[in-house]
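I have placed the structure first, in the form of structure tokens, so that the comments after it can refer back to it.
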Protein chains: 2
Amino acid sequence: MSSRVPQDRRRRRPTRSGVLLSEDLIVQTALRLIGEHGPEALSVRRLGAALGCDPTALYRYFHDTDDLVLAIADRIIGDAMAGFVPGEDWVASLREMALRVRAGYLAHPRAAAMAAHRVTRRRSEIQAVDTGIGLLLSAGFERAAAARLYLAFIDTVLSHAATDAAFQALPRQQREADHRAWRDVYQDLDPVAYPALTAVRRELPGMADGSFEEAVDLLLEALAARAPARRASTGGSSPG
Amino acid sequence: MSSRVPQDRRRRRPTRSGVLLSEDLIVQTALRLIGEHGPEALSVRRLGAALGCDPTALYRYFHDTDDLVLAIADRIIGDAMAGFVPGEDWVASLREMALRVRAGYLAHPRAAAMAAHRVTRRRSEIQAVDTGIGLLLSAGFERAAAARLYLAFIDTVLSHAATDAAFQALPRQQREADHRAWRDVYQDLDPVAYPALTAVRRELPGMADGSFEEAVDLLLEALAARAPARRASTGGSSPG
DNA sequence: CACATTGGGTCAACCCTGTTGACGTAAGGC
DNA sequence: GCCTTACGTCAACAGGGTTGACCCAATGTG
């Protein structure tokens, strides 16, 4: 196996073009590459070219490409929730959490698409779960309900965000083809076979834009309707 | 451009090994391949080998690999929705659609994990969309609302199902590790740093079972609350 | 200051992938 | 029977990840 990655890194050699490699620089350059030239631009060879080093030099820093992707994912999670402070309005706070997660994913779609379905168990995730459940407790839900409903909420948010990220992570041709599908294919259907689609034909092009916020709002409406306490509380209640 | 795929297929030549190719056989073999050896086992060359034909023969049936993936996705949808007839209770019908989709994904977890986020723009998908929007129209929603809300509903269902499928598609070790880790890590936390998690500590193990139905129920509650026509789930009244 | 050690950048090579153009054969309509 | 052409086959290309070997220079040691 490749134990090309050492734990303690002491010696640094500049590459042929004079750049001093580091794990941080590589992750940063990878994110820039994705941001500028699309998700499909991330490959070992292209990353090497962008860094000004031989592609295989990266294997001195990461076991394989998956290792690199996970390192990128680490940073995404941290960036998304950085500086978030839950407010007194639990609905609004949950909503902001949802939007932050999605924004973090969409900022780096390919890495997010690859890592979205994994349980990180890191501090940022644990912190987020604690915050979210705390918000539902402050809303008056009992413990079991708070845990269960938070799971339903965050799973939906994460799944949705992953879907959006996966779409952004598609190669441009496929992405545009999927986008066009709502305009083209769904516009020219047999009215007898597909009456409902024919009826809403004019509304379909808008569907390509996604439904994240609508879904979050629906969920929050349902949660608010189920909440025992009617007002968004001042949040100071201590857990016994 | 590759117009290698004809619309009307008349002539059939057996391959060198005697197999008679067809779009149906190819999709079926691809599903088997993915189910047995994982999503990464699906390549043109391997599929050709499994079928007993030259790999490039597949380009006579599918535009490119993406086209094949979309065909696989549509087959999964078609199988899941086979025999489904929407009833008079639109909430219950949407609920059954959701459960069917999820069951279809879980029947082919690895294929679903690969194809879940795509717009197949094929028959089975179009049929399902027509059915779903028709249900919301029958509930009294206006056209734009019906289209928008159906998208939010089905996106949530598909995303959730994809998450469940992705989890099932994980290697057993990783899957069980994730499952266990949830209990272990979240049971031994600093009460001061994570008060909410500590409060609901005993409820957490149940969270590992997933939240699909809870999320669907929340969504349907919100939809029912927004519906102009008041007759929802329990009533047996027929829609005009 | 000199030396031995070794981290790590580089190169060549391997095997994988999707895809295309050319080729020829056999299947079907007439 | 012929003629057309659908379609299975083959060779080739560009690009991917990954590895083993090479060797220079940065570093700890004396």
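For the numbers below, each heavy atom of this structure counts, side chains included, while hydrogens, waters and symmetry mates do not. What you see is a predicted model; the values in this text were computed from it and never measured. We name chains A, B, ... by the order of the sequence lines, and we start the count at 1 in each one.
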What integer distance in Å separates A:His63:NE2 from C:dG8:P? 14 Å
Report the distance from atom CZ of B:Phe62 to atom C1' of D:dA6, rounded to the nearest whole Å. 17 Å
Which atom pairs, donor and acceptor, lie under 3.5 Å between side-chain atoms of residues 21-38 of chain B and protein residues at least two apart or in another chain?
unit_1  : atom_1 : unit_2  : atom_2 : d
B:Ser22 : OG     : B:Leu25 : N      : 3.0
B:Asp24 : OD1    : B:Arg75 : NH2    : 2.9
B:Thr29 : OG1    : B:Leu25 : O      : 2.7

Grab the CZ-P distance between B:Arg60 and C:dC23 for me, whole Å please. 14 Å
Hey, does B:Tyr61 reach any base, or is it just sugar-phosphate, or nothing, if we go heavy atoms under 4.0 Å? sugar-phosphate
Within the structure, does a side-chain N or O atom of B:Arg13 lie under 4.0 Å from either OP1 or OP2 of D:dT9? no
Indicate yes or no for a side-chain donor-acceptor contact from B:Arg102 to the backbone of B:Ala161 under 3.5 Å, with no hydrogens or angles considered. no
List in chain and number order the residues that pass side-chain hydrogen bond (donor to acceptor under 3.5 Å, both in side chains) with A:Asp54, two or more places apart in sequence or in another chain; answer none if no residue qualifies. A:Thr56
Is any side-chain N of the basic residue among B:Arg148 and A:Glu203 closer than 4.0 Å to the acidic one's carboxylate O? no
Side-chain donor-acceptor pairs of residues 128-135 of chain B under 3.5 Å, sequence neighbours excluded:
unit_1   : atom_1 : unit_2   : atom_2 : d
B:Asp130 : OD1    : A:Ala196 : N      : 3.0
B:Asp130 : OD1    : A:Leu197 : N      : 2.8
B:Thr131 : OG1    : B:Gln127 : O      : 3.0

Distance in angstrom units between A:Asp54 CG and D:dC22 C1', rounded: 13 Å
Salt-bridge test for B:Arg118 and A:Asp178: reply yes if a basic N is under 4.0 Å from a carboxylate O, no otherwise. yes
At what angle, to 10 degrees, do the two end axes of the helix from C:dC1-D:dG30 to C:dC30-D:dG1 meet, given five pairs define each axis? 20°
Can a side-chain donor-acceptor contact be found between A:Ser159 and B:Ser159 if the only test is distance below 3.5 angstrom? no
Ion pair check, B:Asp79 and B:Arg100, cut-off under 4.0 Å: no
Just how far, in rounded Å, is P of D:dG16 from CG of A:Leu68? 15 Å
Nearest-Å distance, CG (A:Leu20) to P (D:dA25)? 15 Å
Counting only side-chain heavy atoms from C-beta out, which of C:dA27, C:dT19, D:dT9 sits nearest to B:Cys53? D:dT9
A:His160: what forms a ring-ring contact (aromatic ring centres under 6.0 Å, His included) with it, not counting sequence neighbours? A:Phe212
For A:Arg16 and B:Tyr59, find the nucleotide of DNA chain C closest to each by heavy atoms; which residue's nucleotide sits nearer the 5' end? A:Arg16
Would you tabulate the pairs of protein nitrogen or oxygen atoms and nucleotide nitrogen or oxygen atoms of nucleotides 13-17 of chain C closer than 3.5 angstrom?
unit_1 : atom_1 : unit_2  : atom_2 : d
C:dT17 : OP1    : B:Ser43 : OG     : 3.0
C:dT17 : OP1    : B:Arg46 : NH2    : 3.4
C:dT17 : O4     : B:Arg45 : NH2    : 3.1

